[in-house]
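Shown next, in structure tokens, is the structure this report addresses.
In what follows, chains are A, B, ... by sequence order, proteins preceding strands, each numbered from 1.
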Amino acid sequence: MTPFQVEIQVIMALVAAACALPGVFLVLRRMALMSDAISHSVLFGIVIAFFIVREASSPLLILGAAASGVLTVWLVETLLRTGRVKEDAAMGLVFPLLFSIGVILIALYAENVHLDIDTVLLGEVALAPLNRFTLLGINLPLGVWMMSGILFINLALLLLFYKELKLSTFDTELAAALGFSPALLHYALMTVVSVTTVGAFDHVGPVLVVALMIAPPAAAYLLTETLWKMLALSVAIGVVAAISGYWLANTLDTNIAGAAATMTGVFFLLALLFAPQRGLLAKALQRRRRRQRFAVEMLLVHLHSHEGTAGEATENCLAHLTGELKWQPAFAQAAVKWAQQQGLIAEQTQPLALTDSGRTAAQQVLNR
Amino acid sequence: MVSEYPIHVEDLTVAYHDEPVLWDVDLQVPEGTLMAIVGPNGAGKSTLIKTILGLMEPAAGQVLIYGQGYAQQRQQVAYVPQRGSVDWDFPTSALDVVMMGCYGRLGWFRRPAGRERAAARAALERVGMQDFAARQISQLSGGQQQRVFLARALVQDARIYMMDEPFQGVDALTEKAIVSVLQDLRAQGRTVVVVHHDLDSVPQYFDRVLLLNVRAVAAGPVAEVFTPENIRITYGAKVKLALKNGNGH
């Protein structure tokens with residue numbers, strides 16, 4: 001690996017970690033789309049800030065972007081308060097408006113400046129190490145400095161306000177009743193989302209920013225039942241997805257941000273399929289086990305009720321089960337086999353007979 | 001004159017989009033009582049509780065908690081919101097939810113520690129949920145979730161308990177368990193106010209009642225104000241018939 005490659009991966013890992021932390025709260029607050037909205041509407045703030053400071057690389061542009069992120073949130077909520085638009089529609093109304101005003105302003109007044117729309121839309125992490133900055137005698141890509149700073153702020157706020165964020169996310173009313181201002185926390189969180197989005201998308205583009213904010217937390221949500229574990233897992237998944245995305249792009253010789261965004265989707269899909277309890281596979285297995293258990297119980301109760309009666313020979317044979325219990329012949333055979341495997345009915349098949357433990361099990365079912 | 005009532009509501013009017021939800025409500029809740037708020041849907045029962053807790057701004061009138069504004073008396077009041085008001089898929093355990101009741105006393109920045117954990121365990125035991133402390137909250141039944149909410153209010157160790165429909169969608173056993181905890185609280189001299197739906201159980205569970213339908217129709221001891229006439233005024237003609245055929249209170 002060349003130092004250049006290492007630096008790109010460090011930047012991507014920092015972006016992934018910084019995005020995952022606020023992303024967890026966006027997912028839990030069902031505001032995932034807000035990151036999408038903010039990542040687009042910040043363009044408006046960047047352009048306005050550019051007109052004020054007249055310098056494309058000024059850090060003040062980030063402040064402008066963060067402000068327009070907060071403006072987005074405020075506009076969305078103001079629209080919501082009218083009671084005439086739903087939340088998703090409100091977001092869909094606000095961000096294209098701010099984004100397109102930004103695009104128009106660039107086209108009209110800033111065409112000859114380095115604020116071209118391609119970079120704004122896609123970002124180019126491959127070039128990030130070229131833009132360097134020296135602090136305390138250490139020369140590193142500006143992206144490393146910036147994203148470390150943002151990650152530090154996000155971590156610090158999370159550690160300071162962990163309990164407050166948890167409460168106001170889970171139960172806004174109690175948070176308010178106990179004197180924690182949910183509105184303040186909400187806007188603080190949205191400011192963090194805005195700053196992170198802006199800092200990150202300068203390097204990796206808005207699509208990867210949204211992917212890193214939403215997919216890793218959504219995957220972690222399926223894997224754990226504790227908030228701090230969800231936060232830690234989100235960071236881990238995000239970092240792994242970003243770095244594997246880098247190598248995928250490297251192998252395929254394609255766009256890094258696009259490959260990394262794809263990897264976040266791959267990791268989410270893996271979690272969706274294979275999460276131990278909430279994954280689709282686990283659910284299917286649970287359903288199958290339930291179906292088997294119920295079939296065996298029905299079989300046992302049926303055999304039990306006809307045991308020792310005159311009709312036992314006809315009732316308790318395999319062929320009769322298909323009519324009586326509305327089973328397909330293959331399923332009836334399978335059910336008998338499951339019960340035999342558990343030692344609940346005897347190995348002989350005509351007529352089917354309960355073992356002692358099968359009789360006890362049938363009685364337990366009946367007494368339930 | 002300084003009111004010493006735990007809850008003193010005076011000329012309270014609350015509006016939503018310029019429609020009155022509560023209209024000129026007066027209410028004094030004496031200490032050590034177990035009071036029901038009853039009324040039809042849209043009568044403003046939840047609004048009254050939320051306004052008392054400072055969650056909604058009154059258009060007019062005021063609320064005093066032991067003679068002061070709610071903001072000064074937060075520590076005195078515990079709140080049990082409606083169970084449906086939160087997302088039970090949130091990644092957290094029953095014990096953790098109960099510990100949230102301690103957050104108010106801890107204030108900003110301070111983290112819950114061993115003492116809060118112990119208090120939360122004790123509260124779970126009081127509602128018969130000690131075996132479910134580590135359980136993820138989405139895996140609890142509706143009744144168990146309601147008990148967790150009650151336990152969370154108990155760790156607040158407040159003098160006033162405000163509950164929004166604690167019996168909504170719970171089984172008979174849970175309802176009994178909750179009522180017995182509420183009666184314990186009253187026996188300790190605490191004041192409990194409950195938004196309630198089942199008129200039949202009012203005389204059995206509560207000693208005071210507020211009949212509310214935007215206006216306060218009547219408030220006082222159940223024996224005095226929970227009359228067929230007041231119920232008819234509160235609910236309109238339909239319930240009058242139902243009560244005639246059923247059991248006239």
Side-chain angles (χ1 to χ4, degrees), chain A residues 24-32 80-84 156-185 188 217-234 271 275-278 283 286, chain B residues 16-17 46 49-56 70-97 99-113 116 134-139 148-149 152-153 156 158 160 162 164:
Chain A
V24 164
F25 291 98
L26 287 181
V27 167
L28 290 176
R29 290 166 174 244
R30 294 162 195 256
M31 295 179 61
L80 272 178
R81 261 196 302 276
T82 64
R84 293 290 175 276
L157 286 175
L158 180 67
L159 290 174
L160 278 175
F161 299 109
Y162 181 74
K163 139 176 147 270
E164 289 79 4
L165 280 168
K166 179 158 86 174
L167 176 61
S168 73
T169 302
F170 174 63
D171 192 340
T172 315
E173 283 184 356
L174 185 70
L178 293 180
F180 302 107
S181 166
L184 188 70
L185 287 164
Y221 181 73
L222 297 170
L223 295 169
T224 177
E225 295 174 341
T226 313
L227 180 57
W228 71 263
K229 285 184 192 159
M230 183 177 166
L231 286 157
L233 263 175
S234 299
Q277 264 140 54
R278 301 191 188 180
K283 288 279 177 231
Q286 282 163 18
Chain B
Y16 187 72
H17 287 319
S46 293
I49 281 205
K50 286 179 185 173
T51 311
I52 292 173
L53 290 159
L55 299 174
M56 291 180 80
Y70 174 78
Q72 284 82 50
Q73 300 281 32
R74 284 182 205 287
Q75 306 283 340
Q76 313 290 351
V77 189
Y79 174 40
V80 181
Q82 285 187 25
R83 185 162 52 86
S85 70
V86 307
D87 174 11
W88 291 93
D89 283 324
F90 193 85
T92 192
S93 65
L95 186 71
D96 210 38
V97 170
M99 276 203 283
M100 289 177 185
C102 303
Y103 287 10
R105 209 174 320 129
L106 289 169
W108 291 87
F109 304 116
R110 267 171 60 205
R111 298 285 192 83
E116 282 72 31
R135 192 69 72 85
Q136 209 272 326
I137 52 173
S138 67
Q139 290 161 19
V148 167
F149 259 16
R152 185 176 70 174
Q156 284 187 252
I160 301 170
M162 309 287 287
D164 203 344

Can you measure from CZ (A:Arg278) to CD (B:Gln136) and round to the nearest 0.5 angstrom?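 Here the rounded value is 5.0 Å.
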Output the distance between atom CG (A:Leu178) and atom CD (B:Gln156), rounded to the nearest 0.5 Å.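 Here the interatomic distance stands at 5.0 Å.
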Looking at B:Trp108, I want to see if its CH2 is surrounded by more than 12 non-hydrogen atoms of other residues, nucleotides or ligands under 6.0 Å.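 Counting neighbours around CH2 of B:Trp108, more than 12 heavy atoms of other residues, nucleotides or ligands fall under 6.0 Å, so yes.
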Extract all donor-acceptor atom pairs below 3.5 Å that involve side chains of residues 166-173 of chain A and protein atoms in other chains or at least two apart in sequence.
from	atom 1	to	atom 2	distance (Å)
A:Lys166	NZ	B:Asp96	OD1	3.3
A:Lys166	NZ	B:Asp96	OD2	2.5
A:Ser168	OG	A:Arg29	NH2	3.0
A:Ser168	OG	A:Glu164	O	3.2
A:Thr169	OG1	A:Arg29	NE	3.1
A:Thr169	OG1	A:Arg29	NH2	3.2
A:Thr169	OG1	A:Leu165	O	2.6
A:Asp171	OD1	A:Glu173	N	3.4
A:Asp171	OD1	A:Leu174	N	3.2
A:Asp171	OD2	B:Arg152	NH1	3.2
A:Asp171	OD2	B:Arg152	NH2	2.7
A:Thr172	OG1	A:Ser168	O	3.3
A:Glu173	OE1	B:Tyr79	OH	2.8
A:Glu173	OE2	B:Lys50	NZ	2.9

What part of A:Leu231 gets within 4.5 angstrom of chain B, counting heavy atoms only: side chain, backbone, both, or neither?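 Neither; nothing under 4.5 Å.
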Do side-chain atoms of B:Tyr70 reach the backbone of A:Ala177 as a donor and acceptor pair under 3.5 angstrom?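 At least one qualifying donor-acceptor pair exists.
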Out of B:Leu55, B:Val80, B:Ile137, which one racks up the most heavy-atom pairs below 4.5 Å with chain A?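 Answer, by heavy-atom pair count under 4.5 Å with chain A: B:Leu55.
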With a 4.5 Å cut-off on heavy-atom pairs, point out which of B:Ala71, B:Gly107, B:Ser138 contacts chain A the most.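 Among B:Ala71, B:Gly107, B:Ser138, the one with the most close pairs to chain A is B:Gly107.
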For B:Arg111, give me all partners under side chain to side chain contact (heavy atoms under 4.5 Å, CB included), at least two apart in sequence or on another chain.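 B:Arg111 satisfies side chain to side chain contact (heavy atoms under 4.5 Å, CB included) with A:Leu159, A:Tyr162 once adjacent residues are dropped.
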Portion of B:Gln139 that has a non-hydrogen atom of chain A nearer than 4.5 angstrom: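 Only the side chain of B:Gln139 comes within 4.5 Å of chain A.
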Kindly give the heavy-atom pair with the smallest separation between B:Pro91 and A:Tyr221, and that separation in Å.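 Closest approach of B:Pro91 to A:Tyr221, heavy atoms only: CD-CE1, 4.3 Å.
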Which heavy atom of B:Arg110 sits nearest a heavy atom of A:Lys163, and at what distance?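 Minimum heavy-atom contact is O-NZ, 2.8 Å.
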Check the angle between the aromatic planes of A:Phe161 and B:Phe109 and answer parallel, tilted or perpendicular using the 30° and 60° thresholds.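 Taking B:Phe109 first and then A:Phe161, their aromatic rings sit tilted (interplane angle of 30° to 60°).
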Close side-chain approach of B:Phe90 and A:Leu227, heavy atoms under 4.5 Å: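 In contact.
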